[in-house]
Amino acid sequence: MSTTFTIDTSTSRAHPTPAPMKRLTVPSVLARKRDGVTAEPLVMLTAYTVRMAQLLDPHCDMLLVGDSLGQVIYGLPSTIPVSLEMMCAHGAAVVRGSYHSLVIVDMPFGSYEGSPQQAFASASRILKETGAAAVKLEGGEAMAETIAFLTARGVPVMAHVGLTPQAVNMLGGYGARGRGEAEERKIVGDAKAVAKAGAFAIVVEGVVEPIAIAITKAVACPTIGIGASAQCDGQVLVAEDMMGLFERTPRFVKRFGNMAETISEAAAAYAADVRSRVFPTPDQTYQRKPSTSPDAIHSA
Ligand code: KIV
């Protein structure tokens, strides 16, 4: 864990865990898959903010600061406009909010594809500014040289194959990949290439189950599925999808909460409380409702 980014524990919103746990490392994640078998599936969720990291950290093995923050946090139409500055700011917040999980930060579109040297400049900036231990980048065989370049220089890389959202303009949408034989061969080949190049784990997104199985059997490193069946070595979801923050989520997402309803109920109750205040009339003095007023603490 980066000491540079640790929250002062004397502040009221400091990390709730009094005794920091030991953070998982890249080798410890890699070691979870032994002789092709992952006895305990790897749990990964996205996190973009310090508070969400604090809440998710004790339950996860890995926290991914995904470039999906473009859509989830910034309301952007895709991940294409996400910048390195955004990833560094959110990555640092997630590292500050976590003690246990391995934190991985996505490399945004345009920050690594140009050359291995460009990728190293971007990745080293991410590791320095955030305190995260690894980066993730999208692409298969075409990125193998870059992955080898980064890993040889001390940058652990999580790869991402199958449906790669940064390639939305080439793919024409976010539909599942690998439906034909040629595409299936290409995706499995991509996974083998990035594994051989040194990726310590591979996100496998939006592929049919036989492809997820073929990849998981073919590579020594763990596969982390999203929309890729339960046959991978681990699972990742966008945390807000999993918690039910949005009305519409991808078909493969299993919801474990209804955050949209909880938030809107709280906002409605707050609004009703404020609106129920009694205002002074010309012949009356102002009447406060001391026990229910939301700012009673401040006015006490
Ligand atoms: O950006 C992201 O959140 C991701 C995951 C969905 C794998 O890449």
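Atoms within each ligand, like the ligands themselves, are counted from 1 in listed order. Predicted, not measured: the structure shown is a model, and the values here were computed from it. Atom set for the values below is all heavy atoms of this structure, side chains included, hydrogens, waters and symmetry mates excluded.
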Would you say the side-chain atoms of Lys33 pair up with the backbone N or O of Thr223, donor to acceptor, closer than 3.5 Å?
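A pair under 3.5 Å: no.
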Donor-acceptor pair, His160 side chain versus Val203 backbone, under 3.5 Å?
no
Passing candidate, side-chain hydrogen bond (donor to acceptor under 3.5 Å, both in side chains) with Gln166, options Thr79, Asp106, Asp67:
Asp67
Tabulated below should be the N or O atoms of ligand 1 paired with protein N or O atoms at under 3.5 Å; can you produce that?
unit_1   : atom_1 : unit_2 : atom_2 : d
ligand 1 : 1 (O)  : Asp67  : N      : 3.2
ligand 1 : 1 (O)  : Asp67  : OD1    : 2.9
ligand 1 : 1 (O)  : Ser68  : N      : 3.0
ligand 1 : 1 (O)  : Ser68  : OG     : 3.3
ligand 1 : 1 (O)  : Asp106 : OD2    : 3.1
ligand 1 : 3 (O)  : Ser68  : OG     : 2.5
ligand 1 : 8 (O)  : Lys136 : NZ     : 2.9

Under 4.5 Å between side-chain heavy atoms, hopping through other hydrophobics if needed: is there a path connecting Val236 to Ile213?
no
Give the intermediate values and the outcome of salt bridge (charged side-chain N to carboxylate O under 4.0 Å, His left out) for residues Arg125 and Glu85.
CA-CA 10 Å; Arg125 178 173 167 195; Glu85 286 69 27; 3.1 Å; yes
For residues 252-263, which residue pairs qualify under salt bridge (charged side-chain N to carboxylate O under 4.0 Å, His left out), counting only residues two or more places apart or in two chains?
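Sorted result for residues 252-263: empty, none.
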